[in-house]
Amino acid sequence: MSLINYNNRVFKAISNSENGQTSKETIFYYKQEGNILTATYSGGVILKGHLIGLVNEAGVIDMRYHQIDINGDIKTGKCISIPEVLENGRVKLHESWEWTSDDFSKGTSIIEEVI
């Protein structure tokens with residue numbers, strides 16, 4: 001089992017590559033059952049998004065995501081999120097992602113637990 005349980009944790013995007021769509025307005029609501037992680041997210045240019053992934057023993061998440069943006073475009077991607085547990089116990093996720101649609105570009109982002 002993972003050292004980190006993400007169930008009922010809420011995250012906010014704090015940085016992203018220019019070619020990404022998440023922003024400081026994007027909020028993620030995580031759920032975890034066993035090693036299966038799901039989340040819903042929205043905010044900024046993202047009207048609605050979902051992700052599903054697997055969490056390993058170190059808390060690293062291997063996920064796939066899809067989202068609809070304010071232009072009505074559906075975008076898909078994959079991401080590896082590496083956790084950092086902060087001194088206050090909150091979790092910061094360092095993400096390396098890649099679009100699997102549109103231009104297939106890659107980027108990095110950071111999201112941090114807010115609650």
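The backbone N or O of Thr108 sits less than 3.5 Å from a side-chain atom of Ser17, completing a donor-acceptor pair.
Residues passing the side chain to side chain donor-acceptor pair (under 3.5 Å) test with Thr22, sequence neighbours excluded: Asn16. Looking at residues two or more places apart in sequence or on another chain, you find a side-chain contact (heavy atoms from CB on, under 4.5 Å) between Ile110 and Ile14, Ser15, Lys92, His94. Scanning for salt bridge (Lys or Arg N to Asp or Glu O under 4.0 Å) contacts around Glu113 gives Arg9, with sequence neighbours left out. Residues that satisfy the side chain to side chain donor-acceptor pair (under 3.5 Å) test with Tyr6, not counting sequence neighbours, are absent from this structure. Annotation: side-chain contact (heavy atoms from CB on, under 4.5 Å) contacts of Asn8 (sequence neighbours excluded): Lys31. Take Ile70 and apply the side-chain contact (heavy atoms from CB on, under 4.5 Å) test, not counting sequence neighbours, and it matches Val45, Leu47. The side chain to side chain donor-acceptor pair (under 3.5 Å) search around Glu25 returns Ser23, not counting sequence neighbours. Every residue meeting the ring pair (Phe, Tyr, Trp, His ring centres under 6.0 Å) condition with Trp99, not counting sequence neighbours, appears here in chain and number order: Tyr65, Trp97. Ile27 pairs by the side-chain contact (heavy atoms from CB on, under 4.5 Å) definition with Val10, Lys12, Tyr29, not counting sequence neighbours.
Atoms CD1 and CG, from Ile4 and Leu37 in turn, are 11.5 Å apart once rounded to the nearest 0.5 Å. To the nearest 0.5 Å, atom CD of residue Glu18 and atom OG of residue Ser105 are 11.0 Å apart. Atom OG1 of Thr40 is separated from atom CD of Gln67 by 12.5 Å, given to the nearest 0.5 angstrom. The CD1 atom of Ile68 sits 12.0 Å away from the OG atom of Ser42 when rounded to the nearest 0.5 Å. How far NE2 of His50 is from CE of Met63: 14.0 Å, rounded to the nearest 0.5 Å. Between Ile61 atom CD1 and Asn35 atom CG the span is 11.5 Å, to the nearest 0.5 Å.
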(request) Walk me through it: do Leu51 and Tyr30 pass the test side chain to side chain contact (heavy atoms under 4.5 Å, CB included)? (result) CA-CA 9 Å; Leu51 65 85; Tyr30 278 45; 4.2 Å; yes
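Cluster annotation: Ile111 is connected to Val85 through the hydrophobic network of ILVMFWY side chains, with a link wherever side-chain heavy atoms come within less than 4.5 Å.
Counting side-chain heavy-atom gaps under 4.5 Å among Ile, Leu, Val, Met, Phe, Trp and Tyr, Leu86 is found in no cluster with other residues. Taking a 4.5 Å side-chain heavy-atom cut-off between Ile, Leu, Val, Met, Phe, Trp and Tyr, the cluster of Val60 extends to Ile80, Ile82.
Under the 6.0 Å cut-off for aromatic ring centres, Tyr41 and Phe28 qualify, their centroids lying closer than that.
The shortest heavy-atom contact between Thr76 and Ser101 is N-OG, 3.0 Å. When every heavy atom of Pro83 is checked against every heavy atom of Val91, the shortest pair comes out as CB-CG1, 4.1 Å.
Screening residues 64-73 for salt bridge (Lys or Arg N to Asp or Glu O under 4.0 Å) gives Asp62-Arg64 as the qualifying pairs, with residues at least two apart or on separate chains.
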